[in-house]
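Since the structure is predicted, the reported quantities are computational estimates derived from the model, not experimental observations.
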Amino acid sequence: MKTLKDARVGETVTVARLHGEGAVKRRIMDMGLTKGTQVLVRKVAPLGDPMELNVRGYELSIRKADAEMIELA
C-alpha cells in the first residue's frame, strides 16, 4: 500500500482511500483530500515534515503523520 508520505516531489498522485477515524478523517476530508482527488507534491521540508501539496487549485501543507493516512491509487 503506497501512501501520500511515500510520494516524491514533482509527482502527481490520486487519492484512493482515507484511513483514520472521527475528527482526524473529517479534517483531512475538509482540506479537500477525498477519494479520486489529484494531488501534486510540490515540496518537502528539509527534515521531511511538513509536505507542501497542490490540491484542487490551492496550496496545502500537511504533516507526515497525516500523509500516512492517505492511501494512493
Side-chain angles (χ1 to χ4, degrees):
M1 166 180 85
K2 185 176 178 184
T3 64
L4 187 55
K5 180 182 172 188
D6 304 322
R8 297 181 176 268
V9 174
E11 188 176 3
T12 300
V13 295
T14 304
V15 176
R17 184 171 180 225
L18 297 176
H19 297 279
E21 304 257 335
V24 175
K25 186 174 181 179
R26 168 58 45 199
R27 186 170 54 86
I28 291 171
M29 291 175 71
D30 287 346
M31 289 188 282
L33 293 165
T34 56
K35 183 177 179 180
T37 304
Q38 296 280 328
V39 178
L40 169 67
V41 181
R42 287 184 35 102
K43 296 184 218 173
V44 177
L47 296 177
D49 205 16
M51 303 175 72
E52 185 177 305
L53 313 171
N54 268 12
V55 181
R56 300 178 187 256
Y58 71 95
E59 293 180 4
L60 171 69
S61 292
I62 64 169
R63 299 177 304 193
K64 289 277 189 171
D66 293 337
E68 229 172 354
M69 296 180 196
I70 303 165
E71 185 177 332
L72 303 178

Discussion item. Any non-hydrogen side-chain atom of L60 less than 4.5 Å from a side-chain atom of L33?
Written reply: yes
Worksheet item: So, Q38 and T14: side-chain donor and acceptor under 3.5 Å apart, yes or no?
Response: yes
Worksheet, complete the sentence: CG (N54) and CD (E59) are apart, to the nearest 0.5 Å, by 5.5 Å
Worksheet item: What is the minimum heavy-atom distance between M51 and V41, and which atoms define it?
Response: CE-CG1, 4.0 Å
Discussion item. With side chain to side chain contact (heavy atoms under 4.5 Å, CB included) as the criterion, how do D6 and E11 come out once you've worked through the C-alpha distance, each side chain's angles and the decisive distance to 0.1 Å?
Written reply: CA-CA 10 Å; D6 304 322; E11 188 176 3; over 6 Å; no
Practice prompt. Could you tell me which non-hydrogen atom of A16 sits nearest to which non-hydrogen atom of K35, and how far apart they are?
Written response: O-CG, 3.4 Å
Worksheet item: Which pair of non-hydrogen atoms, one from V24 and one from M69, has the smallest distance, and what is that distance?
Response: CG1-SD, 3.5 Å
Response to the item:
For V55 and G32, the nearest pair of non-hydrogen atoms, with its separation, is CG1-O, 3.7 Å
Discussion item. Could you measure the distance from the NZ atom of K64 to the NZ atom of K5? Nearest 0.5 Å is fine.
Written reply: 6.5 Å
Worksheet item: Of all residues at least two apart in sequence or in a different chain, which pass the side chain to side chain contact (heavy atoms under 4.5 Å, CB included) check with L18?
Response: V15, K25, I28, M29, I70
Worksheet item: What distance separates R17 CZ from T3 OG1, expressed to the nearest 0.5 Å?
Response: 13.0 Å
Fill in: Atom CZ of R27: over 12 foreign heavy atoms under 6.0 Å
yes
Item to complete: Hey, could you give me the CD/CE distance between E71 and M1, rounded to the nearest 0.5 Å?
Response: 5.5 Å
Worksheet, complete the sentence: Here the pair of heavy atoms bringing G10 nearest to L40 is O-CD1, 3.7 Å
Item to complete: Treat each ILVMFWY residue as a node, draw an edge where side-chain heavy atoms are under 4.5 Å apart, and state whether V44 and I62 are in one component.
Response: yes
Worksheet entry | Residue pair R63 / D49: nearest heavy atoms and the distance that separates them | CA-OD1, 3.2 Å
